Amino acid sequence: MPTTTISTAARWWTYQRERFPLAAHGPLVAAFSLSAMSVSAALRGGPALDPLAATLAVGSCLLFFLLLRVADEFKDYAEDCRYRPYRPVPRGLVSLRELGVVGVGAAALQFGFALALSPRLVPLLFIGWAYFSLMCVEFFRPDALRARPLAYLGSHMVIVPLIDLYATAFDWAVAEAPPPPGLGWFAVASFFNGVAIEVGRKVRAPEDEEPGVETYSARWGLRHALAFWLVALVLTALPGIALASLLGAGTVLAAVFAVLLAGAGLVALRFVRRPRGRAVEVYAGLWTLAFYGSLGLAALLR
């Protein structure tokens with residue numbers, strides 16, 4: 001059916017299902033945001049989470065990731081038209097102009113949430129926007145970054161701890177308190193967890209590789225890409241354990257993370273032997289839910 005005959009609601013429902021699936025992203029962002037607020041509250045000895053602040057934190061973080069998706073649609077448009085014409089924008093389901101309007105609307109909502117809850121959130125939001133703007137122009141060095149995958153990955157993953165720290169501010173900034181000591185561990189863990197998610201979603205079986213689509217499995221080889229993924233998970237767990245120790249749950253969460261890492265090792269080993277499907281990407285998502293969920297639970301129990 002031509003896209004011109006599809007209703008607006010149906011078009012955007014299809015777009016979100018293909019490019020920003022809320023059923024997958026929603027729980028991850030909620031776990032990420034609520035864990036950030038809970039950890040902040042526990043570290044500063046504050047009260048339980050305010051329902052309104054928690055709701056707006058989840059919404060604001062989800063909008064940040066939506067902005068990242070919209071920016072990718074603009075950056076990848078030429079390549080998508082050439083190599084991936086089946087995607088929503090090249091095939092005409094939605095236009096870049098419409099996505100631009102969505103991006104502006106998302107930013108306006110973020111600003112409204114921050115202003116309504118506490119003006120102290122606004123400068124932190126601007127910091128996130130500033131870094132996001134640099135990402136949109138590839139830090140004015142697009143060719144140099146694309147030629148260096150580790151530099152590209154590292155520079156783009158900085159946005160994750162910035163979003164993370166913004167989420168924590170829905171606790172401490174709204175309470176008109178300073179950032180509590182220990183949040184640095186959370187930021188470091190978020191950086192490496194972002195790396196693990198990004199690498200995990202770009203590890204593919206040989207038959208699933210596409211011409212013109214850069215994946216870490218194609219660039220580095222499947223074994224090296226999986227080894228890098230496992231290292232990223234370990235580097236996520238270590239600051240997570242340090243943070244858990246501050247929450248009085250270091251031993252328990254060290255055991256939890258050890259079990260999760262063992263599971264990741266089994267997934268990687270099986271994928272090497274029978275590379276098929278999206279097992280690595282799925283496990284990266286499950287790891288994220290378990291990681292942030294366990295930290296948030298430890299914070300709440302404290």
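Model, not experiment: these values are computed from the prediction.
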Quiz item: Given the rule in the side chain to side chain contact (heavy atoms under 4.5 Å, CB included) test, do Tyr166 and Leu121 qualify, once you have shown the distances and angles that lead to the verdict?
Solution: CA-CA 8 Å; Tyr166 184 59; Leu121 291 168; 4.2 Å; yes
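- In this structure, Glu210 pairs ionically with Arg204, as a charged nitrogen and a carboxylate oxygen lie closer than 4.0 Å.
- For Arg278, the CZ atom counts as loosely surrounded, since its 6.0 Å shell holds 12 or fewer non-hydrogen atoms of other residues, nucleotides or ligands.
- Between the Ser40 side chain and the Ala36 main chain, no donor and acceptor come within less than 3.5 Å of each other.
- Residue Val122 is grouped with residue Leu52 when hydrophobic side chains (ILVMFWY) are merged at heavy-atom distances under 4.5 angstrom, including chains of intermediate members.
- Remark: side-chain polar atoms of Ser155 are paired, donor with acceptor, to backbone N or O of Tyr152 under 3.5 angstrom.
- For the atom pair Leu289 CG and Leu260 CG, the distance stands at 11.0 Å (nearest 0.5 Å).
- Pro123 and Arg120 get closest at one heavy-atom pair: CD-O, 3.4 Å.
- Between Leu125 and Gln110 the shortest side-chain heavy-atom distance falls below 4.5 Å.
- At a threshold of 4.0 Å, the pair Arg84-Glu79 counts as salt-bridged, since one of the basic side-chain nitrogens sits closer than that to a carboxylate oxygen.
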Self-check item: Full working for side chain to side chain contact (heavy atoms under 4.5 Å, CB included) between Leu49 and Ser38
Solution: CA-CA 7 Å; Leu49 301 185; Ser38 298; 3.4 Å; yes
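- Note: Leu247 CG to Leu297 CG = 10.5 Å, rounded to the nearest 0.5 Å.
- Linking ILVMFWY side-chain heavy atoms closer than 4.5 Å, directly or via other members, places Val231 and Val280 in a single hydrophobic cluster.
- A pairwise comparison of heavy atoms in Leu99 and Val70 identifies O-CG1, 3.5 Å as the closest pair.
- Within the 6.0 Å centre-distance limit, the rings of Tyr131 and Phe139 are counted as a close aromatic pair.
- A salt bridge links Asp171 to Arg44: at least one charged side-chain nitrogen sits closer than 4.0 Å to a carboxylate oxygen.
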Exercise. Report the C-alpha separation of Val89 and Asp76 in whole Å, then their side-chain angles, then the decisive distance to 0.1 Å, and conclude whether the side chain to side chain contact (heavy atoms under 4.5 Å, CB included) test is met.
Key: CA-CA 10 Å; Val89 178; Asp76 297 341; over 6 Å; no
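- Taking the six-membered ring for Trp and the full ring otherwise, Trp129 and Phe126 have centroids separated by under 6.0 Å.
- Between Asp72 atom CG and Tyr77 atom OH the span is 16.0 Å, to the nearest 0.5 Å.
- Inter-residue side-chain proximity for Cys136 and Phe74 is flagged as unmet; no heavy-atom pair is nearer than 4.5 Å.
- In this structure, Leu43 CG and Leu243 CG are separated by 6.0 Å, a value rounded to the nearest 0.5 Å.
- Leu22 is not connected to Leu28 by any chain of hydrophobic side-chain contacts under 4.5 Å among Ile, Leu, Val, Met, Phe, Trp and Tyr, and they are in different clusters.
- Under the 4.5 Å side-chain heavy-atom criterion for grouping Ile, Leu, Val, Met, Phe, Trp and Tyr, Leu266 is not connected to Leu222 through any hydrophobic cluster.
- Under the 4.5 Å side-chain criterion, counting only non-hydrogen atoms from C-beta, Leu63 is in contact with Phe113.
- For the pair Leu246 and Gly182, the tightest heavy-atom approach, listed with the atom from each and the gap, is CD1-CA, 3.8 Å.
- In this structure, the side chains of Pro90 and Arg87 come closer than 4.5 Å at one or more pairs of heavy atoms.
- The structure places CD1 of Ile159 at 9.5 Å from CE of Met157, a figure rounded to the nearest 0.5 Å.
- Shown here is Trp185, whose CH2 atom has no more than 12 heavy atoms of other residues, nucleotides or ligands within 6.0 Å.
- Aromatic pair Tyr216/Phe228: centroids not less than 6.0 angstrom apart.
- Between Glu207 and Arg276 there is no salt bridge, since no side-chain nitrogen of the basic residue lies less than 4.0 Å from a carboxylate oxygen of the acidic one.
- A 4.5 Å side-chain heavy-atom check between Pro85 and Asp80 finds every atom pair outside the cut-off.
- With rounding to the nearest 0.5 Å, the separation of CG in Leu238 from CG in Leu233 is 11.0 Å.
- Electrostatic pairing of Glu214 and Arg219 counts as a salt bridge here, judged by a charged N lying under 4.0 Å from a carboxylate O.
- Under the 3.5 Å distance criterion, the side-chain polar atoms of Thr168 are matched with a main-chain donor or acceptor of Leu165.
- The environment of CZ in Arg17 is crowded: more than 12 heavy-atom neighbours from other residues, nucleotides or ligands sit within 6.0 Å.
- In this structure, Val203 and Thr215 have side chains that are not in contact, with every pair of non-hydrogen atoms separated by 4.5 Å or more.
- The nearest pair of heavy atoms linking Ala54 to Met37 is CA-SD, 3.6 Å.
- Here the closest non-hydrogen pair linking Ala189 and Phe291 is CB-CZ, 3.7 Å.
- Note: the hydrophobic cluster containing Met135 also contains Leu62 (ILVMFWY, side chain heavy atoms under 4.5 Å, direct or indirect links).
- Taking a 6.0 Å sphere around OH of Tyr86, one finds it holds more than 12 heavy atoms contributed by other residues, nucleotides or ligands.
- The backbone N or O of Ala144 sits less than 3.5 Å from a side-chain atom of Arg148, completing a donor-acceptor pair.
- With contacts defined as side-chain heavy-atom distances shorter than 4.5 Å, the pair Glu198/His156 does not qualify.
- A tilted orientation is assigned to the rings of Trp287 and Phe257, their planes being inclined by 30° to 60°.
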Practice problem: Dump the intermediate steps for side chain to side chain contact (heavy atoms under 4.5 Å, CB included) on Val267 and Arg270, then the final yes or no. | Solution: CA-CA 5 Å; Val267 168; Arg270 183 174 181 180; 6.0 Å; no
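- In plain terms, the two heavy atoms of Ala284 and Trp229 that are nearest each other are CB-NE1, 4.0 Å.
- With a 6.0 Å radius and a threshold of 12 heavy atoms from other residues, nucleotides or ligands, Arg141 has its CZ atom at or below the threshold.
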Practice problem: Tell me, with the steps shown, if Glu73 and Tyr15 meet side chain to side chain donor-acceptor pair (under 3.5 Å). | Solution: CA-CA 12 Å; Glu73 298 286 17; Tyr15 177 83; 2.7 Å; yes
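- Between His25 and Phe20, the distance separating the two ring centers is shorter than 6.0 angstrom.
- The six-membered or imidazole ring of Phe186 lies near that of Tyr292, with a centre-to-centre distance under 6.0 Å.
- Glu209 has no carboxylate O lying under 4.0 Å from a charged side-chain N of Lys202, or vice versa, which leaves the two without a salt bridge.
- The shortest side-chain heavy-atom distance between Arg223 and Leu226 does not fall under the 4.5 Å cut-off.
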